Amino acid sequence: MKFALSPHFDSVYVTATGAFFPGDPVDNDRIDEFVAPLNATSPRLKRRILAENGIERRYYSTGPDGQTRFGATRMAAEAIHDCLNGAKIPLHDVDMLCTGTSGGDATLPGFANMVQGELAAPPMATSSHAGVCAAGLAALQHAAMALESGRAARALVATSEVPSRLFKRSRFASQGYDIDFDAHFLRWMLSDGAGAWLLETAPRGELSLRLLGVHLRSFSGDYPVCMQVGLAAGSPQSYLDYESFAAAEADGAYALRQNIRLLPNLFDVAIHEYVRLVQSDWIDPRRIDHFLCHYSSQRFASVVRDLLDKAELTIPAERWYSNLKTRGNTGAASIFVMLHDFLRERTLKPGERILCFVPESGRFTVGYVLLEVAGAALAQAAAPANNVALPPPPHDPDTASDPLLSQLLRGLAEIWHDYRSQAWRTPIVSRIARGKITLADMLHWMEDWIPQDQQGSIWMRKAVSGLDDRYAALRNLVTAHAADEQYDFRILFDDYRRAGGPTQRIEDLHRNAGGDALNAYLHARAERPNPVGLLGAIYIIEGTGQRIVPALLPEIRRQLALPLEAVRFLHYHGENDVNHLARWLKCAELALLGGGHAAAEDIIATARDTAQLYLMQLGAVR
């Protein structure tokens with residue numbers, strides 16, 4: 001897959017920022033006044049979600065009486081006023097307005113036009129961007145490209161979110177229906193706020209930030225919808241397709257839902273996109289002085305943190321910044337508000353670089369913004385309580401990573417990034433993700449998979465027998481891994497039979513053409529002297545079990561109503577492949593210790609071949 005690298009900008013500067021929050025901050029003890037419990041499970045779910053996300057205060061435009069005090073349009077206008085007051089320039093000197101939001105006050109006209117009207121602004125170019133968290137970055141990118149090309153000299157980028165209007169109890173209680181956890185989840189995750197940045201073609205005042213680049217990439221073609229409002233639960237039916245809006249409301253089509261089972265894949269995508277940007281020299285982690293991270297409550301899995309650290313891509317803890325604790329998660333406005341707070345809490349030096357990170361879970365988009373301090377700054381009204389450093393990947397300066405291991409992990413990350421994207425678009429995985437799998441589909445997949453899995457421990461043991469004494473420690477680890485998995489195919493076959501598979505003997509099952517090609521390749525590689533390259537194959541195979549299977553399992557069970565005893569194999573790998581990958585990392589270190597650069601090249605080449613053959617196997621499922 002060709003990688004589209006976003007360009008850097010030469011003459012675009014963030015010269016002022018602004019923010020607006022409705023009313024007084026709401027702490028956790030008062031949250032029920034604004035987001036009332038719906039049923040007996042609400043208090044327990046609230047405690048769990050708040051404990052995970054770490055938010056202590058947030059803002060709601062919707063008051064305890066259920067009335068909206070500030071709409072999205074008004075809030076965006078207030079943030080713009082704050083921004084322009086800081087820059088000390090009049091509104092009529094601005095010639096472009098770009099906006100980003102997940103929901104304005106009206107379905108149409110466009111949000112930018114509504115904000116322009118609220119401001120009573122003079123004629124100017126406008127651009128409205130709708131989405132979820134990355135909508136603000138889309139607006140930023142549009143404005144920056146206009147300035148860089150000379151189509152505008154000064155632009156405002158405004159973001160605004162008022163999700164509290166979707167969370168008030170009356171929207172649920174009056175309809176007489178309960179909601180699932182996916183709809184419960186976001187009621188305590190999101191809150192209201194607005195942010196604005198002023199862009200110009202030259203620096204201004206004491207502090208300006210040169211906009212080096214905006215990288216925005218969507219993976220919506222790979223994954224199903226993860227966060228949405230306007231669709232019925234578990235159905236692609238739009239609220240517009242009901243007989244009436246009242247019917248859509250009664251069926252829960254207006255509930256804001258988050259598929260938390262799919263959510264971990266977003267961070268897998270984001271972290272591998274980050275690796276690719278580093279490999280392409282778009283980002284140099286050594287030159288990042290401040291990392292502004294738009295986060296909710298998710299944490300990198302420990303094995304991924306370890307991989308990042310050993311790949312020498314870690315941004316140290318002291319450079320991380322977030323205001324999530326005191327501002328809450330304001331969606332598309334979050335990174336705009338975050339930079340606004342950051343600039344008022346920190347003393348910056350010319351030349352320092354700021355990296356902003358925005359993952360969007362709507363249908364998976366990741367965004368990065370790279371800024372450089374262009375002028376001296378004085379800290380204003382420092383408020384340390386607004387700064388909370390999120391747990392970053394571990395970084396121990398006294399334990400230097402192996403440069404060769406770093407090179408290997410970066411190369412494998414690029415291969416995985418492309419493989420993962422293509423795997424999600426293979427026919428069988430796509431049918432599962434889009435709710436269209438049948439039992440016959442599942443059984444055909446298992447019929448191809450069982451004999452392939454049966455060969456796994458065989459080619460691993462064959463490979464171990466070809467390792468010389470340089471790899472004695474590696475031999476022991478791979479032998480242990482093969483022992484762990486030597487009978488997995490029997491579990492998978494039992495699952496197949498419990499799901500209704502008609503074939504009664506494993507010997508009567510046959511791999512498809514892609515499986516045959518993959519099996520032949522792995523056995524051929526195992527027969528070579530010191531076949532350490534097969535660690536590349538294990539990286540792809542175990543990665544599939546850890547990062548793809550867990551998202552598919554609940555969908556398979558939901559669509560086919562299969563009992564847990566019919567999906568034990570999938571459940572086991574989803575739960576245990578993190579440990580397997582941790583063991584793989586140790587194996588990689590031992591392989592490089594014995595084989596050096598040649599071993600690294602062999603592992604990368606084998607991973608690339610295995611990825612293509614695995615895709616062939618998935619693509620050939622009937």
Side-chain angles (χ1 to χ4, degrees), residues 268 272 301 303-304 306-307 310-311 405 408-420 423 449 452-467 471 473-489 492 515 517-528 530-550 569 572-595 598-618:
D268 179 44
H272 283 86
V303 68
V304 178
D306 202 15
L307 285 169
K310 292 180 182 297
L405 179 60
L408 170 65
L409 295 177
R410 295 184 191 194
L412 289 174
E414 285 203 82
I415 293 169
W416 171 262
H417 202 26
D418 285 342
Y419 162 75
R420 173 210 49 75
W449 193 355
Q452 176 64 42
D453 191 68
Q454 186 178 17
Q455 294 295 312
S457 62
I458 298 175
W459 58 256
M460 276 191 267
R461 292 181 187 278
K462 184 186 295 185
V464 163
S465 68
L467 295 174
Y471 300 104
L474 175 61
R475 184 189 304 127
N476 294 335
L477 275 178
V478 176
T479 299
H481 186 73
D484 283 349
E485 300 202 338
Q486 63 180 328
Y487 299 120
D488 280 6
F489 71 94
L492 183 56
L518 176 59
N519 185 63
Y521 173 79
L522 294 173
H523 278 283
R525 298 288 290 186
E527 291 173 354
R528 296 183 179 183
N530 294 317
V532 295
L534 283 170
L535 288 173
I538 295 173
Y539 182 86
I540 297 298
I541 294 168
E542 298 292 351
T544 303
Q546 182 211 357
R547 302 169 189 170
I548 296 177
V549 165
F569 179 85
Y572 165 78
H573 275 272
E575 293 291 324
N576 291 280
D577 277 359
V578 170
N579 296 328
H580 292 173
L581 282 176
R583 180 189 289 164
W584 176 92
L585 185 59
K586 182 61 178 177
C587 287
E589 292 174 327
L590 294 171
L592 297 182
L593 187 63
E601 292 173 359
D602 196 15
I603 292 171
I604 288 175
T606 306
R608 183 176 292 110
D609 293 342
T610 301
Q612 292 304 311
L613 291 169
Y614 211 133
L615 290 170
M616 187 185 301
Q617 180 191 27
L618 289 172

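Keep in mind it's a predicted model, so treat the numbers as computed, not measured.
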*Taking only residues two or more places apart in sequence or in another chain, which ones pass salt bridge (Lys or Arg N to Asp or Glu O under 4.0 Å) with Asp602?*
Arg525

_Set of salt bridge (Lys or Arg N to Asp or Glu O under 4.0 Å) partners for Glu601, sequence neighbours left out_ = none

If you take all heavy atoms of [X] and [Y], which pair is closest and at what distance?
| X | Y | result |
| --- | --- | --- |
| Ile415 | Ala611 | CG2-CB, 4.3 Å |
| Val532 | Ala599 | CG2-CB, 3.8 Å |
| Tyr614 | Ile540 | CD1-CG2, 4.3 Å |
| Leu522 | Trp459 | CD1-NE1, 3.4 Å |
| Cys587 | Val478 | SG-CG2, 4.2 Å |
| Leu467 | Pro531 | CD2-CD, 4.1 Å |

May I ask you to test the [X]-[Y] pair for a side-chain heavy-atom distance under 4.5 Å?
| X | Y | result |
| --- | --- | --- |
| Leu593 | Leu474 | no |
| Met616 | Leu518 | no |
| Thr606 | Tyr521 | yes |

Once you round to the nearest 0.5 Å, how far does [atom1] of [X] lie from [atom2] of [Y]?
| X | Y | atom1 | atom2 | answer |
| --- | --- | --- | --- | --- |
| Thr544 | Leu618 | OG1 | CG | 7.5 Å |
| Leu409 | Ile604 | CG | CD1 | 9.0 Å |
| Gln455 | His523 | CD | NE2 | 4.0 Å |
| Leu592 | Leu405 | CG | CG | 6.0 Å |
| Ile603 | Ile538 | CD1 | CD1 | 9.5 Å |

*According to the interplanar angle, ranging from 0 to 90°, do the rings of Trp449 and Phe569 count as parallel (below 30°), tilted (30 to 60°) or perpendicular (above 60°)?*
perpendicular

*asked:* Just to verify, which of Arg547, Arg420, Glu414 counts as forming a side chain to side chain contact (heavy atoms under 4.5 Å, CB included) with His272?
replied: Arg547

*asked:* Quick one, Leu613 with Gln617, criterion side-chain contact (heavy atoms from CB on, under 4.5 Å). Give me CA distance, side-chain angles, the key distance, then yes/no.
replied: CA-CA 6 Å; Leu613 291 169; Gln617 180 191 27; over 6 Å; no

_Sidechain-backbone polar pair: Asn519 side chain, Gln452 backbone, donor-acceptor under 3.5 Å_ = no

*asked:* Can a donor-acceptor pair be found, under 3.5 Å and without considering hydrogens, that links the side chain of Tyr539 to the backbone of Trp584?
replied: no

*Is it the case that Tyr419 and Thr610 place a side-chain donor and acceptor less than 3.5 Å from each other?*
no

